[in-house]
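Working notes, beginning with the structure itself.
Quantities reported herein were computed from a predicted structural model and do not represent experimental measurements.
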Amino acid sequence: MAYNQLKLSNLYVAGQLTKKDWPADICRQIIGQDRALSALNFGIQLKDDNAHLFCLGPKGVGRTSLTLDIVRQYAAACPTPKDWIYVMNFDQPLHPQALSLDAGTACVFSKQMEALKATLKKELKNAFNSENYRLHWNQLQQQFQDEKQSYFQQLAQQINGTHVVLVQNREGLGLNPVVDGQIMNAESFNALPLSVRTPVMQQMEKARQKLLGLIKNFPDEDTLQKQQADLIQQTLDQVAKRCFKPLLQKYQKTSVFSYLDRAQAYFIQEGLRLMNNAPEEAWSFLNINVLTHHPSDSGAPVIHLNNLTFSALFGKIEHQQKSGTLSTDHTMIQAGALHRANGGFLVIEAKDIPSEQVSWHALKRALFSHTIHMDTPFEEKNLISARALLPSDIPLNVKVILVGNVDFYYDLMNREEDFASLFKLPVRFEETVDRTHANEKLYAGILADFVVRNHLKPLSLSAMNRLLGHASRLAQDQNLLTTHFVQLHDLIREADFWAKGKTIEASDISAALQHRSDRTDTLKQSWLNDLKRQTLQLELTGSQVGQVNALTVNGTQDFAFGHPAKVTCRTRLGCGKIEDVEHQINAGGKIHTKGVFILAAYLMGQYGVKEPLCWDATLVWEQLYHGVEGDSASLAQLCALISSITQIPLKQSIGVTGSINQMGQVQSVGGVNLKTEGFFDACQAMGLTGDQGVIIPTVCVRTLMLSERVRQAVQNNQFHIYAVETVDDALEILTGQAASRIHHQMAKMWHDAYLKMQLFNHRSGI
């Protein structure tokens, strides 16, 4: 007998920690990720502008948390990048200007400008309400009136005569006639005889001509207004220089000096408008938009972006509605993750890349060009009626680290030509670590640290060994431990809830697992109910020809379970065609179809060396409607086919899983624990007979970490697990006959079929 009936010791390996290892030494070390951490440290220190990283591995192994921890440790010792601000562009207001300042000074400068604004408002009011300003203003007006009066008197001396006099009225200067020493108005003068008026009019005409030559030098209102404007401008200039001078001196050798100089000139230019109760928006030219700021000596920034959208990456420009229209300015520019991470590291969850192609391609353009260009996506432009701002670009110096699964990484590598040019450094996180005694102690320390940090009940030695066993079950190998600590953390939290004592015991871990199963196993219970009601036609006792119970796994993302499925085979004389019904109706995957082809190749090689196969066969998964993928049932299908040809019945009390190669060797399959437990649950639901069990590949023995209920049944001889290496091993268990006898019967049936086909062809004239 080449197969092996497994013992209790083969089915589960609990933790090997002993009392001398307890209590566990609390530690926060990283276990099982030495290669990943080495690659990560190399990648973040490599001075290459286009050498970004992709941390790949399954969710739950710490790919994000470990990456952030390592990057933050390194970033703390890196130089602190400059702060960035946006200010008004006085030449092109729709193109705000980006300026950099030393780390920690942007907020200081912004507060200084706020103080400057308040000072300017106060000084402006004081300057134009001062006694000195009013005195100068009144002096200008009085001087203007005096000059007007003096010049009028000079004109009057030159213009006045016997029949004409120079007068002032609302319209300005005028000439009135004089008759007999009396100044007359137009109505009275026109009533006089022509002989009297004629000499008067002649003298008045001469006076008018003379006045036209002299009046151009007469002081007018424009002169006064110009003088008043000069006084206002001088006052504004004095206020500006007095208020701006300290900042201009302080920032003389920085990037903001030119802005301050232009702001001073703008204040002087717009002073009249600002003086006349201007709204707050009029003072926005002094507002500083602090886009990014970093405390000095804080190291390089590390930003974690979990939502890859355009605005999250590049920021956005807000708008406000006034009088039915939208408006915006440089103060409404908001920073994105690229701005905040500039000069440091940006860690991005890659899961949103397929749905955010606009953001993804914009990110790649930014990394290639080394600039942050804040342009609004086309679909957002259509929603904005206001004139859009286009802020000046900001130089970009950032190391981007994408975090995602392995399949997605290779999909991007194959689909996008420029991806490999940017993300040159893959960082692979392992799912398992070797289960050595040293690693078990380290593992225990890590879990104990989690308990302490989360203020949970302490773990007992038995609970820790139970957790270590579960960690191997998650790793699907008795010699490995999973690095999916998130699942273990959740389990510990649930066990803490159910624990009644002061510590968490192994029974509490088992209770938490059972409660979790009860919450999520509705599909499994529904399947078992169908089995009990005989809606599912499965035989779990007795023997049948051409029929076997193959083991499969079903379920959802949060819960999976194993169960048996009936595989049947009908054979008939033919030309060697093996029909797989699932393949015929497109319900079978490529790997499943490959398994059928391999079992056909085994038949031909084993029995068809001298004579061709003269049987046709049809293989069917009965009452299975969700499709089939994988080759783990190829052993079961082959046994059903051989049984159908030889008419040797197979035991229905034995479930079968395993794939085969062309040589008849049984190969590894996945989900052996779920499949074994699923078949046990089905047998238990219908009543254990003591003859039931499963056949698994020998190579899968190390993956067994079975539940306590199955182990107890095996110990009580109620359930059996057989490990096989070849097809012959499985046939001997299923038939109860020696493999040599099965081969003999198979050869006989093969030869008889060949003779019958020869006779049929002869009679048919073929």
Side-chain angles (χ1 to χ4, degrees), residues 33 35-59 61 63-64 66-68 70-71 300 302-316 336-381 390-391 393-431 589-591:
Q33 305 297 354
R35 181 164 53 182
L37 296 181
S38 175
L40 183 60
N41 278 297
F42 168 74
I44 61 179
Q45 296 180 53
L46 181 64
K47 304 302 180 184
D48 184 341
D49 292 339
N50 288 333
H52 303 283
L53 294 81
F54 195 115
C55 293
L56 53 145
K59 187 175 179 61
V61 298
R63 62 189 189 188
T64 299
L66 294 180
T67 296
L68 288 171
I70 297 301
V71 173
V302 179
I303 303 299
H304 178 214
L305 183 61
N306 193 39
N307 185 22
L308 184 68
T309 63
F310 192 91
S311 59
L313 264 177
F314 292 91
K316 59 183 178 180
L338 279 176
H339 297 101
R340 297 193 300 274
N342 200 6
F345 303 88
L346 177 58
V347 180
I348 302 176
E349 300 292 339
K351 58 183 173 57
D352 293 326
I353 290 178
S355 60
E356 291 289 344
Q357 287 295 297
V358 172
S359 306
W360 170 238
H361 291 300
L363 172 62
K364 290 192 293 183
R365 286 194 299 271
L367 295 179
F368 276 122
S369 64
H370 305 294
T371 56
I372 305 174
H373 179 67
M374 290 189 69
D375 193 10
T376 306
F378 179 76
E379 59 271 18
E380 293 185 20
K381 289 180 180 178
L390 186 59
D393 294 346
I394 292 178
L396 178 62
N397 175 28
V398 68
K399 182 82 74 171
V400 173
I401 304 172
L402 291 179
V403 179
N405 62 50
V406 177
D407 292 340
F408 185 53
Y409 169 76
Y410 286 108
D411 179 58
L412 288 174
M413 285 284 288
N414 295 328
R415 184 161 44 90
E416 300 186 8
E417 293 182 358
D418 55 358
F419 179 78
S421 300
L422 280 175
F423 295 91
K424 302 177 180 179
L425 302 173
V427 179
R428 293 175 173 84
F429 281 81
E430 300 294 340
E431 295 187 68
K590 293 181 179 179
I591 299 177

Which heavy atom of [X] sits nearest a heavy atom of [Y], and at what distance?
X      : Y      : answer
Phe429 : Pro58  : O-CD, 4.3 Å
Leu313 : Ser359 : CD1-O, 3.8 Å
Leu66  : Gln33  : CD1-CG, 4.0 Å
Val400 : His52  : N-ND1, 3.0 Å
Gly344 : Ala300 : CA-CB, 3.8 Å
Leu46  : Ala51  : CD2-CB, 3.8 Å

- Task: Quickly, which of Ile372, Leu396, Ile303 forms a side chain to side chain contact (heavy atoms under 4.5 Å, CB included) with His339? Name it, please.
- Result: Ile372
When rounded to the nearest 0.5 angstrom, what distance separates [atom1] in [X] from [atom2] in [Y]?
X      : Y      : atom1 : atom2 : result
Phe345 : Thr67  : CZ    : OG1   : 12.0 Å
His361 : Phe310 : NE2   : CZ    : 13.0 Å
Leu53  : Ile348 : CG    : CD1   : 12.0 Å
Trp360 : Glu416 : CH2   : CD    : 6.0 Å
Ile44  : Ile401 : CD1   : CD1   : 6.5 Å
Lys399 : Asp48  : NZ    : CG    : 6.5 Å

- Tell me, please, which residues at least two apart from Ser369 pass side chain to side chain donor-acceptor pair (under 3.5 Å). Thr371
- Note on the structure: Asn307 meets the side chain to side chain donor-acceptor pair (under 3.5 Å) criterion, sequence neighbours left out, with none
- Message: Within the structure provided, determine whether Lys59 and Val403 are in side-chain contact (heavy-atom separation under 4.5 Å).
- Response: no
- Under the side chain to side chain contact (heavy atoms under 4.5 Å, CB included) rule, what do Glu356 and Thr309 come out as? Steps first, then yes or no, please. CA-CA 6 Å; Glu356 291 289 344; Thr309 63; 3.8 Å; yes
- Message: According to side chain to side chain donor-acceptor pair (under 3.5 Å), does anything in residues 342-355 pair up with another residue at least two apart or in another chain? List the pairs.
- Response: Thr64-Glu349, His304-Glu349
- Item | salt bridge (charged side-chain N to carboxylate O under 4.0 Å, His left out) partners for Asp411, two or more places apart | Arg415
- Message: Check this for me: Ile591, atom CD1, are more than 12 non-hydrogen atoms of other residues, nucleotides or ligands nearer than 6.0 Å?
- Response: no
- Message: I'd like to check the side chain to side chain contact (heavy atoms under 4.5 Å, CB included) partners of Glu417; sequence neighbours left out, ordered by chain and number.
- Response: none
- Query: Is the backbone N or O of Asn41 less than 3.5 Å from a side-chain atom of Gln45, with the two atoms forming a donor-acceptor pair by type?
  - Reply: yes
Can you list, pair by pair, the side-chain donor-acceptor contacts under 3.5 Å of residues 418-427, counting residues two or more places apart and other chains?
residue, atom, partner, partner atom, Å
Asp418, OD1, Lys364, NZ, 3.1
Asp418, OD2, Lys364, NZ, 3.4

- Task: Test Arg35 against Arg428 for side chain to side chain contact (heavy atoms under 4.5 Å, CB included), laying out the working first.
- Result: CA-CA 8 Å; Arg35 181 164 53 182; Arg428 293 175 173 84; 5.5 Å; no
- Task: Go through Ile394 and Leu338 one step at a time and tell me if the side chain to side chain contact (heavy atoms under 4.5 Å, CB included) criterion holds.
- Result: CA-CA 10 Å; Ile394 292 178; Leu338 279 176; over 6 Å; no
- Can you check side chain to side chain contact (heavy atoms under 4.5 Å, CB included) on Val398 and Leu367, steps first, answer last? CA-CA 8 Å; Val398 68; Leu367 295 179; 4.0 Å; yes
